[in-house]
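Reading through the structure tokens given below for one structure.
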Amino acid sequence: MAYYNYSKSYLEDRLAEFKELLSIEKELDKLSKENKLANNYDLYEQYMCKIQTYYFDENIEYAKIYANTKEELIEKTREYLKDIYGLDGYELLEYEEALQKAYINFIGQGYYQIYNSIGCSGDISVHRIDEMLKIALSSAMMKYEFDDEVWEYICEHCNDI
């Protein structure tokens with residue numbers, strides 16, 4: 001197939017990046033199955049740094065919230081948002097309302113992060129760090145799918161992956 005918008009070296013670089021992300025995905029799957037991520041914040045930071053080399057998502061708060069129960073997670077999330085943003089009056093009401101509607105996915109003891117897209121869609125979600133890595137990785141991989149020519153090149157070379 002002929003590629004018109006990009007050089008072969010550019011497409012090869014994107015393919016190499018995608019392969020690296022697939023490798024990270026395999027590592028994360030293994031660590032998740034062995035339950036080695038939920039309580040290891042240093043490992044989370046290491047993998048998040050690798051993923052954000054390819055795609056940086058500014059909506060991820062680095063809250064480092066440790067919780068044993070859903071109730072504890074909700075309270076610590078509320079405290080974090082209030083402390084970090086110094087909220088008062090109207091802003092606090094906006095965050096409290098968003099927190100009431102928040103998707104809080106408590107899946108067990110461990111560290112949690114906040115995905116805060118209040119500025120964009122008005123939503124807050126809270127995920128355990130192993131789940132947050134999967135969300136970030138999915139977003140990083142998705143950027144290749146949105147560029148038709150790059151995605152076609154990757155698909156054509158899937159047998160290499």
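Not measured: the values here are computed from a predicted model.
- Residue Lys134 comes nearest to Asp29 through the heavy atom pair CE-OD1, 4.2 Å, listed as atom of the first residue, atom of the second, then distance.
- Here the closest non-hydrogen pair linking Ile129 and Ala38 is CD1-O, 3.8 Å.
- Side-chain contact check for Glu17 versus Tyr144: some heavy-atom pair is nearer than 4.5 Å.
- A distance of 10.0 Å separates CD1 of Ile51 from CE of Met141, quoted to the nearest 0.5 Å.
- Taking the ring axis of Tyr10 as reference, the NZ or CZ atom of Arg14 stays within 45° of it and closer than 6.0 Å to the ring centre.
- In terms of modelled atom types and a separation under 3.5 Å, the side chain of Ser32 and the main chain of Leu28 share a donor-acceptor contact.
- Counting heavy atoms from C-beta outward, Tyr115 and Val126 have side chains that stay 4.5 Å or more apart.
- Between the side chain of Glu149 and the backbone N or O of Asn5 there is at least one donor-acceptor pair closer than 3.5 Å.
- From Leu21, atom CG reaches atom NZ of Lys26 across 12.5 Å, with rounding to the nearest 0.5 Å.
- Scanning both residues, Ile114 and Ala63, for their nearest heavy atoms gives CD1-CB, 4.0 Å.
- When all heavy atoms of Arg128 and Tyr111 are compared, the closest pair comes out as CG-O, 3.1 Å.
- A salt bridge between Lys30 and Glu27 is absent, with no side-chain N of the basic residue lying under 4.0 Å from a carboxylate O of the acidic one.
- Between the side chain of Glu61 and the backbone N or O of Gln113, no donor-acceptor pair lies under 3.5 Å.
- Seen from the ring of Tyr47, Lys50 counts as a face-on cation partner, given the 6.0 Å and 45° thresholds.
- When only modelled atom types and interatomic distance are considered, Asn105 and Glu131 share a side-chain donor-acceptor pair under 3.5 Å.
- No chain of hydrophobic side-chain contacts below 4.5 Å, direct or via other Ile, Leu, Val, Met, Phe, Trp or Tyr residues, connects Ile60 to Phe56.
- Side-chain atoms of Glu72 come within 3.5 Å of backbone atoms of Asn68 as a donor-acceptor pair (strictly under, hydrogens ignored).
- Classification of Glu79 and Lys76 as a salt-bridged pair fails, no side-chain N sitting under 4.0 Å from a carboxylate O.
- For Asp130 and Tyr44, the side-chain atoms include no donor-acceptor pair closer than 3.5 Å.
- Tyr55 and Leu133 fall into different hydrophobic clusters, defined by Ile, Leu, Val, Met, Phe, Trp and Tyr side-chain heavy atoms under 4.5 Å apart, directly or through other members.
- Taking OG1 of Thr77 as the start and CD1 of Ile104 as the end, the distance is 5.5 Å to the nearest 0.5 Å.
- Side-chain rings of Tyr66 and Tyr41 stay apart, their centers remaining 6.0 Å or farther from each other.
- Across every non-hydrogen atom of Leu43 and Asn40, the tightest pair is N-OD1, 3.0 Å.
- Contact record, Ile107 with Tyr112: N-OH, 3.0 Å, taken as the closest heavy-atom pair.
- Side-chain atoms of Lys8 and Leu11, non-hydrogen and from C-beta on, never get closer than 4.5 Å to each other.
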